[in-house]
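Treat the numbers as computed from the prediction; the structure is a model and nothing was measured.
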Amino acid sequence: MNSEKDYTDDFSLRSIISLLTLVVFIGILIWLSFNVHIPKPAVLKEMIQGYGWAGWLIFIGITALIAITPIPVTIPALVAGSLYGVLAGSLFSFTGILLGSWIGYWLARLTGKNLTFKLLGRHGPTVEKYLNNAGFLAMCTARLIPGLPYWPVNYGAGALGISQYVFLSATLVASIPGQVSLVSLGAFAAHQSLFNGIILVTAWMTTLAAIWISYRYWRNKRKESK
């Protein structure tokens, strides 16, 4: 009876929908990875400027699209700084990152844990280790772990059922230092002013401090679990 029930569960409507979602999702990621190539900063900057006043909307859309994929978001953040300065550039870059992260989160929730973690590949065990039953603080520190990109955290959080409030609030808080540090680097490269220099140094010091706090948090967690 159990085997018959398992067989029925494997071919339930929900599992079929999850499988189809995963197939479409993987197809989109593959297409984006091979067809969406991030141009050089100067080319991307010129392209965004070509849209005139709507350029900032195009920039947010490009950043959100990149954030859904395994493609790094470094270049758009640098371009944001050189185009819009530290304040507006940080706002636009962060908005795109938050939007893309939220889309990835819901894609994983619709796809389901088993299929999503197959997609995550080598990142799967690390993501599950850090995000299983994670609260706000754990979610924040997972964002700051060096070597763990944004996209596996987004998909892992959705697949593991972390609440949307925890995910968005932690992403909001933990992403600010990294985004501001990259945007301020782009702004300083374009305009070497005292203001940009102060923001650049402050942002990078804050980012390094946040990474250190994250490292200490997980090191203590590992000690407690032993």
Q) What about Tyr105 and Tyr155, are their ring centers closer than 6.0 Å? A) no
Roughly how far apart are [X] [atom1] and [Y] [atom2], rounded to 0.5 Å?
| X | Y | atom1 | atom2 | answer |
| --- | --- | --- | --- | --- |
| Leu83 | Ser93 | CG | OG | 11.5 Å |
| Leu168 | Ile162 | CG | CD1 | 11.5 Å |
| Leu172 | Trp102 | CG | CH2 | 14.5 Å |
| Ile60 | Ile97 | CD1 | CD1 | 11.5 Å |
| Ile62 | Leu57 | CD1 | CG | 11.0 Å |
| Ile176 | Ser181 | CD1 | OG | 12.0 Å |

Just so I know, are the side chains of [X] and [Y] near enough to count as touching, which here means a heavy-atom distance under 4.5 Å?
| X | Y | result |
| --- | --- | --- |
| Ile198 | Thr202 | yes |
| Pro177 | Trp204 | no |
| Glu128 | His123 | no |
| Leu91 | Leu87 | no |
| Val79 | Pro76 | no |
| Ile213 | Leu144 | no |
| Val153 | Leu131 | yes |

**Q.** Derivation of the side chain to side chain contact (heavy atoms under 4.5 Å, CB included) call for Leu182 and Thr74
**A.** CA-CA 7 Å; Leu182 289 172; Thr74 305; 4.0 Å; yes
Distance-minimising heavy-atom pair for [X] and [Y]:
| X | Y | value |
| --- | --- | --- |
| Gly158 | Arg109 | O-CG, 3.1 Å |
| Gly178 | Thr207 | N-OG1, 3.8 Å |
| Val127 | Gly156 | CG1-CA, 3.5 Å |
| Leu99 | Ala64 | CD2-CB, 3.9 Å |

Between the side chain of [X] and the main-chain N/O of [Y], is any donor-acceptor distance below 3.5 Å?
| X | Y | value |
| --- | --- | --- |
| Ser214 | Ala210 | no |
| Asn154 | Gly104 | no |
| Ser184 | Val86 | no |
| Thr63 | Gly96 | no |
| Thr141 | Ala138 | yes |

Do [X] and [Y] sit in one hydrophobic cluster, given that two such residues count as connected whenever their side-chain heavy atoms are within less than 4.5 Å of each other, even indirectly?
| X | Y | value |
| --- | --- | --- |
| Leu208 | Val180 | no |
| Trp56 | Ile66 | yes |
| Ile211 | Val183 | no |
| Trp106 | Leu98 | yes |

Q: Please assess Trp151 against Leu120 for the test side chain to side chain contact (heavy atoms under 4.5 Å, CB included), listing each intermediate value before the final yes or no.
A: CA-CA 9 Å; Trp151 69 275; Leu120 293 182; 3.7 Å; yes
Q | Stepwise side chain to side chain contact (heavy atoms under 4.5 Å, CB included) check, Ser101 with Phe167 | A | CA-CA 9 Å; Ser101 297; Phe167 173 78; 4.0 Å; yes
Q.
Would you say Ser90 and Gln179 are linked by a side-chain donor-acceptor pair, where the criterion is simply a distance under 3.5 Å?
A. no
(Q) Within the 3.5 Å criterion, strictly below it, is a donor on Arg143 or Thr171 matched to an acceptor on the partner's side chain? (A) yes
Q: Begin with the C-alpha distance, continue with both residues' side-chain angles, and end with the deciding distance and a verdict on side chain to side chain contact (heavy atoms under 4.5 Å, CB included) for Phe117 and Leu160.
A: CA-CA 10 Å; Phe117 272 81; Leu160 291 169; 3.9 Å; yes
Q.
Ring-plane angle category for Phe92 and Tyr84, please: parallel below 30°, perpendicular beyond 60°, tilted otherwise.
A. perpendicular
